[in-house]
Amino acid sequence: MLRQQDVGHRIVVRRIVGIREGRPLFSDALGELVELDETHLTVVTSKGPVRIARDEVHRAKRVPPTRRPTAAAVVALELAADQAWPAPRRDRLGDWVLRAADGWTGRANSALPVGDPDRPLPAAVDAVEQWYAEQGLPAMVNTPIPLAAPVGAELDSRGWTSRPPVLVQTTSVAALARPHVAQQQSPVVDLVTAPSPDWLAVAADRKGGLPEAARHVLTAVDQVRFAQVHVGGTLVAIGRGTVTGDGRWLGLGLIEVLPPLRRQGLAELVVRELAAWGRDTGAEQAFLQVEQRNAAAVGLYRKLGFVTHHTYLTRVAPQH
């Protein structure tokens with residue numbers, strides 16, 4: 001049977017999906033195990049995430065991985081993503097990065113455990129817990145899977161919980177920025193170097209407010225653009241693009257369309273316009289981060305050519 005050590009690895013699960021003429025019917029799921037608890041497991045397959053009740057599992061085992069990005073490639077992308085979402089308070093624990101932004105977003109308020117923490121792993125986790133206590137924040141760690149599997153095992157032993165898995169997805173900037181076939185009277189996407197008050201208001205609704213630290217996270221990047229689409233004088237769609245990682249990576253985030261105008265191609269319009277800007281700056285690859293349970297967003301990004309590069313879990317220390 002599967003154990004926590006299998007999280008982050010490729011597995012195959014045979015599960016019972018019904019009974020016919022007194023015999024069980026089986027279905028197989030092959031993919032990366034990203035979540036495992038007492039009642040369910042989640043496997044990210046080629047068709048998307050599948051959540052399976054443990055009492056439906058007939059047989060499950062780890063299988064050899066398909067070609068996956070190297071550890072160096074995962075580290076490089078994680079560091080580019082960190083540069084694209086810069087927390088105002090930062091510290092180092094060897095190669096690990098400690099980040100705090102008044103609690104605004106998990107990414108800006110969690111440790112990034114890539115590289116050598118310059119001390120034994122249990123002592124490194126102790127230091128993370130102490131640093132976040134000094135910031136007045138709960139200790140959190142973003143664990144890329146399976147790169148940070150040893151860290152995850154240490155956190156498991158301490159009773160840390162997991163937030164929903166996040167897919168780090170990539171595609172070619174050149175493909176993403178191909179000419180968009182505009183519909184008649186298609187809205188114009190404006191790209192600006194600083195967010196307008198209306199842009200910030202939409203972002204605040206999405207993220208539950210914008211403390212001062214959030215403005216630093218959003219704007220403290222050398223190459224950044226804020227996309228905005230107006231219809232009838234009203235801001236109806238936004239997005240944010242950054243170029244980091246020595247100019248190689250275009251980061252996309254905060255792609256948001258007001259509910260009444262969703263499913264009309266505005267999100268794709270924003271993404272492609274930001275991709276065209278990224279292409280013109282010399283970026284080669286685009287990345288984004290999306291919760292695997294956000295089926296609508298995952299579906300849109302799959303349509304645009306994004307594939308999962310790796311997955312991460314945000315781990316949260318138990319509150320005492």
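Both backbone and side-chain heavy atoms feed into the values below; hydrogens, waters and symmetry mates do not. Residue indices begin at 1 and follow the sequence shown. Fair warning: this is a prediction, and the values are worked out from it, not measured in the lab.
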| query | P144 and H310: which non-hydrogen atoms are nearest, and at how many Å? | reply | CB-CD2, 4.1 Å
| Are V189 and W277 connected in the hydrophobic side-chain network, where two residues link if heavy atoms are under 4.5 Å apart? | yes
| request: Identify the two heavy atoms, one from L254 and one from W199, that lie closest to each other, and give their separation to 0.1 Å. | output: CD1-CH2, 3.7 Å
| What's the shortest heavy-atom distance between G103 and N109, and which atoms? | N-OD1, 2.9 Å
| message | Between E256 and A203 (side chain of the first, backbone of the second, donor and acceptor by atom type, cut-off under 3.5 Å), is there such a pair? | response | no
| query | Is R107 reaching over with its side chain to a backbone N or O of T314, donor-acceptor style, under 3.5 angstrom? | reply | no
| Between the side chain of T45 and the main-chain N/O of G31, is any donor-acceptor distance below 3.5 Å? | no
| field | salt bridge (Lys or Arg N to Asp or Glu O under 4.0 Å) against R89, all qualifying residues, sequence neighbours excluded | value | D102
| query | Any chain of hydrophobic side-chain contacts (each under 4.5 Å) joining W131 to L137? | reply | yes
| query | In terms of hydrophobic clusters joined by side-chain contacts under 4.5 Å, are V188 and L269 together? | reply | no
| request: Starting from the C-alpha separation in whole Å, work towards a yes-or-no answer on side-chain contact (heavy atoms from CB on, under 4.5 Å) for D95 and V75. | output: CA-CA 11 Å; D95 295 328; V75 170; over 6 Å; no
| request: First locate atom CG of D190, then atom NE2 of H230, and finally report the distance between them rounded to the nearest 0.5 Å. | output: 7.5 Å
| message | For the CD atom of E273 and the CD atom of E268, what is their distance to the nearest 0.5 Å? | response | 12.0 Å
| note | Between G278 and V243, the two heavy atoms sitting closest are CA-CG2, 4.4 Å
| said: As a quick check of understanding, evaluate side-chain contact (heavy atoms from CB on, under 4.5 Å) for I145 and L33, giving each step before the final call. | reply: CA-CA 9 Å; I145 298 172; L33 178 64; over 6 Å; no
| said: For R240 and V221: C-alpha separation, side-chain torsions, deciding distance, then whether side-chain contact (heavy atoms from CB on, under 4.5 Å) applies. | reply: CA-CA 11 Å; R240 176 178 177 270; V221 181; 3.6 Å; yes
| Which value, rounded to the nearest 0.5 Å, describes the distance between Q285 atom CD and S172 atom OG? | 5.5 Å
| request: Calculate, to the nearest 0.5 Å, the distance between atoms CZ and OG1 belonging to F306 and T170 respectively. | output: 8.0 Å
| Hey, does E56 have a side-chain heavy atom less than 4.5 Å from the side chain of V13? | no
| query | Can you check whether E78's main-chain N or O pairs, donor with acceptor, with D82's side chain at less than 3.5 Å? | reply | no
| task | Go through L176 and R279 one step at a time and tell me if the side-chain contact (heavy atoms from CB on, under 4.5 Å) criterion holds. | result | CA-CA 9 Å; L176 192 61; R279 176 199 59 202; over 6 Å; no
| query | Looking at side-chain heavy atoms only, is the closest gap between P165 and E291 below 4.5 Å? | reply | no
| said: Under 4.5 Å between side-chain heavy atoms, counting indirect links through other Ile/Leu/Val/Met/Phe/Trp/Tyr residues: same cluster for L191 and W249 or not? | reply: no
| said: Could you check whether any side-chain N or O of T234 sits under 3.5 Å from a backbone N or O of V236, counting only pairs where one atom can act as donor and the other as acceptor? | reply: no
| field | Distance (rounded to the nearest 0.5 Å) between L235 CG and L200 CG | value | 10.0 Å
| field | Check: R99 main-chain N/O paired with Y132 side-chain donor or acceptor under 3.5 Å | value | yes
| message | For a 4.5 angstrom cut-off between non-hydrogen side-chain atoms, does V270 reach L274? | response | yes
| request: Show the numbers, then the answer: is there a ring-ring contact (aromatic ring centres under 6.0 Å, His included) between F287 and H309? | output: CA-CA 9 Å; F287 76 89; H309 184 273; 9.6 Å; no
| Member of L288, V290, V307, N294 meeting the side chain to side chain contact (heavy atoms under 4.5 Å, CB included) criterion with L167 | V290
| query | Of all residues at least two apart in sequence or in a different chain, which pass the ring pair (Phe, Tyr, Trp, His ring centres under 6.0 Å) check with Y312? | reply | none
| Closest contact, heavy atoms only, D118 versus D116 | N-OD1, 2.8 Å
| task | Indicate the atoms forming the closest heavy-atom contact of V141 with P113, along with that distance. | result | CG1-CG, 3.6 Å
| field | Sequence neighbours excluded, every pair satisfying salt bridge (charged side-chain N to carboxylate O under 4.0 Å, His left out) that has a member inside residues 158-167 | value | D126-R158, E129-R158, E154-R158
| task | Answer yes or no: is there a side-chain heavy-atom contact under 4.5 Å between T242 and Q223? | result | no
| query | Any sub-3.5 Å donor-acceptor pair from R262's side-chain atoms to V257's backbone N or O? | reply | yes
| said: Show me the pairs that pass ring pair (Phe, Tyr, Trp, His ring centres under 6.0 Å) and involve residues 76-96, at least two apart or across chains. | reply: W85-W104
| query | Is L41 close to V57 at the side-chain level, that is, under 4.5 Å between some pair of heavy atoms? | reply | yes
| message | For T161, is there any backbone N or O sitting under 3.5 Å from a side-chain donor or acceptor partner on R315? | response | yes
| said: The criterion is side chain to side chain donor-acceptor pair (under 3.5 Å); which residues satisfy it with H40, sequence neighbours excluded? | reply: R51
| task | Please confirm whether the backbone N or O of L313 pairs with a side-chain atom of T143, one donor and one acceptor, at under 3.5 Å? | result | yes
| said: Any heavy-atom pair between the side chains of P24 and H58 that's under 4.5 Å? | reply: no
| query | What's the spacing between S162 OG and L36 CG if we round to 0.5 Å? | reply | 10.0 Å
| message | List the residues meeting salt bridge (Lys or Arg N to Asp or Glu O under 4.0 Å) with R92, not counting sequence neighbours, and say none if there are none. | response | none
| Heavy-atom side-chain proximity of V173 to E284 below 4.5 angstrom | no
| said: Hydrophobic clustering (ILVMFWY, side-chain heavy atoms < 4.5 Å, transitive) - are I255 and L266 grouped together? | reply: yes
| Has D246 got more than 12 heavy atoms of other residues, nucleotides or ligands less than 6.0 Å from its CG? | no
